[in-house]
Amino acid sequence: MTEQQVMVTSSAGLHARPASLIVQEANNYQSEIKLAKDNNEVNAKSIMGIMGLGVSQQTEITVKAEGEDEEEAVAAVVKLIESGFDE
Amino acid sequence: MDQISVEKIIDKFGLKQLNQTPIKNQITVSDIKRPGIELAGFFDYFTPERIQILGRTEISFLTELPLELLEERLNKFLGYQIPCVIITRGLEPVEKLIEISEKNNIPILSTDSSTTSFISCLTTYLEETFAPQVTRHGVLVEIYGVGVLIKGSSGIGKSESALDLVKRGHRLIADDAVIIKRVMRSKLVGTSPEISKHHLELRGLGIINVKTLFGAGAVREAQNIDLIIQLEKWDQQKNYDRLGLDDEMVEILEVTVPRVVIPVKPGRNLAMVMEVAAMNFRLKSTGYNAAKEFTKRLENELKDKNS
């Protein structure tokens, strides 16, 4: 299991478009990828899950992955979130 | 939630404050205490962090205590860090109680309800507030009254199965993210995050609103979780349960829930298999276990042949 914390900086938080970009990125990897906030954990390959997590700007979330390519997966998702989704 | 303010309890139950103290205490436990034995002098297992309820018994006991003893007991009782004291039935407390509570900054509150019914309402409210909660990936549906949490990796067909089930007259509670709360210590209740309520995401179609498409009868706000159905890619190497004799249990928030693993193969009618799983669960909970009955019949037959 690999995990890393990341701060969501994009202006409107993880709304529909960023969520779909995360799902797209996550689907490139075999690993089970999860996003966690407080006690709540959702699948990063599911758009409803990510939107349901309700992540607003300046919230810290944890990206977790388990599987063969877990390290690459976490790095890629964290990089995408850090990039601010080019907004 | 980890704590709730006394102020919120006052609002919720319409309590009156009987003394003059600032109300800023927090309640951190869901249990309630009737401090009868403490007022009689036994403080060994006292739990001051709980809300203290004084009913008719406690109040009349205090009224009958000699003044000196009353002062000693109340000083000890209210010397603890108590969030608040609630007096039921609108009873009048003894003067000393007000005086000493003000000195110790403990709010004394009053309700008109009877002790037992007030305790029951308060417990239910506190249990709900302090219920542990997690969010899990999965789809929650109600099939023939059985709450089924469908789990499995993404793309395996959870949402499609849910749609199929809704078409067959069952109900959707949550898609993809399920908020699970433990209530009354042994029950799990699932709801949807507010934002995704009544919605379903289908590959190729995007987000659809189940309530507008299928009507109010196709959705539910909350549902007990009775059964977990784990969808898995069909694996030739793996042995699947062929008899259904052993119940596999999994733990969520320290509550055990039975789980069945259903292998997924193209062309397998998952919604129907889930309907049968739910019906079989109902049958089992009424005491009939098809697998056990079947093996019993087989055993009897073999015995008969031997004799």
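To find a chain, count down the sequence lines: A is the first, B the second, and so on, and within it residues start at 1. No hydrogens, no waters, no symmetry mates; every other heavy atom, side chains included, goes into these values.
Although no hydrogens or angles enter the test, the distance criterion places a donor-acceptor pair under 3.5 Å between the side chain of B:Arg268 and the main chain of B:Pro263.
Residues passing the side chain to side chain donor-acceptor pair (under 3.5 Å) test with A:Ser56 are A:Thr59, sequence neighbours excluded.
Heavy-atom neighbours of B:Leu213 CG from other residues, nucleotides or ligands within 6.0 Å: above the threshold of 12.
Using a 4.5 Å cut-off between heavy atoms, B:Ile207 contacts chain A through its side chain alone, with no backbone atom that close. The contact between A:Glu32 and chain B is made entirely by side chain atoms (from C-beta outward), counting heavy-atom distances below 4.5 Å.
Annotation: maximal heavy-atom pairing with chain B below 4.5 Å, among A:Val23, A:Asp38, A:Ile47, occurs at A:Ile47.
Contacts classified as salt bridge (Lys or Arg N to Asp or Glu O under 4.0 Å) and involving residues 211-236 of chain B (residues at least two apart or in different chains) are given here: B:Glu142-B:Arg220, B:Lys197-B:Glu221, B:Glu232-B:Lys238.
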